[in-house]
Amino acid sequence: MNKTFKQKVLAIVAKIPKGKTLTYKQVAVRAGSPRAYRAVGNILNKNSDPGIPCHRVVGSDKKMRGFNRGISEKINLLKKEGLKFSKEKIILQRTSRAAR
DNA sequence: CGTATGACGTGCA
DNA sequence: GTGCACGCCATAC
């Protein structure tokens with residue numbers, strides 16, 4: 001199928017598991033164009049699909065870039081998902097602390 | 001077809 | 001650490 005990048009991105013974002021977040025770049029990579037992270041955000045912004053958890057898509061810093069409803073609202077939603085936040089930054093529980 | 005736009009990412013000062 | 005500028009890709013008009 002000639003699925004446009006948009007369709008792929010939407011499908012990928014819709015497949016994001018609860019409590020997880022992907023960066024625009026990751027989505028772009030999964031879509032087949034690691035350099036189209038720009039288009040990814042562009043697509044989501046123009047697409048207001050209810051089945052697209054765009055709030056699970058964040059920037060490279062795991063920060064909310066911009067949302068139609070307001071970043072704070074998305075943060076609240078993600079908090080319910082089980083994630084934690086530091087202002088607009090998502091707190092990653094990285095195991096890189098060796099003993100932790 | 002060409003131009004303009006955009007919810008980004010990275011590099012450098 | 002912060003701020004600025006450039007580059008990239010896809011979509012819409």
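Chain naming here is simple, since letters A, B, ... match the order of the sequence lines and numbering starts at 1 in each. Please read all numbers here as calculations on a predicted model, not as lab measurements.
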Which nucleotide in the set [options] lies at the smallest distance from any side-chain heavy atom of [X]?
{"X": "A/Asn42", "options": "C/dC9, C/dA12, B/dT5", "answer": "B/dT5"}
{"X": "A/Ile43", "options": "B/dT10, C/dT11, B/dA7", "answer": "C/dT11"}
{"X": "A/Tyr37", "options": "B/dA7, C/dA10, B/dG9", "answer": "B/dG9"}
{"X": "A/Lys46", "options": "B/dA7, C/dT11, B/dG6", "answer": "C/dT11"}
{"X": "A/Lys25", "options": "C/dC9, B/dG9, B/dT5", "answer": "B/dG9"}
{"X": "A/Ser60", "options": "B/dT10, C/dA10, B/dA7", "answer": "B/dT10"}
{"X": "A/Lys6", "options": "B/dA7, C/dA12, C/dA10", "answer": "C/dA12"}

Mind calculating the distance between [atom1] ([X]) and [atom2] ([N]) to the nearest angstrom?
{"X": "A/Phe67", "N": "B/dG6", "atom1": "CZ", "atom2": "P", "value": "17 Å"}
{"X": "A/Lys3", "N": "C/dT11", "atom1": "NZ", "atom2": "C1'", "value": "18 Å"}
{"X": "A/Arg38", "N": "B/dT10", "atom1": "CZ", "atom2": "P", "value": "13 Å"}
{"X": "A/Lys63", "N": "B/dT10", "atom1": "NZ", "atom2": "P", "value": "14 Å"}
{"X": "A/Lys87", "N": "C/dG1", "atom1": "NZ", "atom2": "P", "value": "16 Å"}
{"X": "A/Ile75", "N": "B/dA7", "atom1": "CD1", "atom2": "P", "value": "17 Å"}
{"X": "A/Leu22", "N": "B/dG9", "atom1": "CG", "atom2": "P", "value": "12 Å"}
{"X": "A/Leu10", "N": "B/dA7", "atom1": "CG", "atom2": "C1'", "value": "13 Å"}

Can you name the closest pair of heavy atoms from A/Leu10 and A/Leu44 and give their distance?
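Nearest heavy atoms, A/Leu10 then A/Leu44: CD2-CD2, 4.2 Å.
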
Side chain to side chain contact (heavy atoms under 4.5 Å, CB included) for A/Glu73 and A/Phe67? Distances and angles first, verdict last.
CA-CA 9 Å; A/Glu73 290 291 305; A/Phe67 280 107; over 6 Å; no

Heavy-atom donor-acceptor pair, A/Arg35 side-chain to B/dG9 base, under 3.5 Å
no

Describe the nucleic acid contact of A/Phe5 in one word from base, sugar-phosphate, nothing, applying a heavy-atom distance below 4.0 Å.
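Sugar-phosphate only.
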
Counting the atoms with a prime plus P, OP1 and OP2 as sugar-phosphate, which does A/Ala36 contact under 4.0 Å by heavy atoms, base, sugar-phosphate, or nothing?
sugar-phosphate

Between the side chains of A/Glu81 and A/Arg56, is the shortest nitrogen-to-carboxylate-oxygen separation below 4.0 Å, so that they form an ion pair?
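A/Glu81 and A/Arg56: salt-bridged.
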
Closer than 4.0 Å, any side-chain N/O of A/Ser33 to the OP1 or OP2 of C/dA10?
yes

Checking side chain to side chain contact (heavy atoms under 4.5 Å, CB included) for the pair A/Thr21/A/Ile16: CA distance, chi angles, key distance, verdict?
CA-CA 7 Å; A/Thr21 49; A/Ile16 299 177; 6.0 Å; no

Linked, directly or transitively: A/Leu77 and A/Ile71 (ILVMFWY side chains, under 4.5 Å)
no

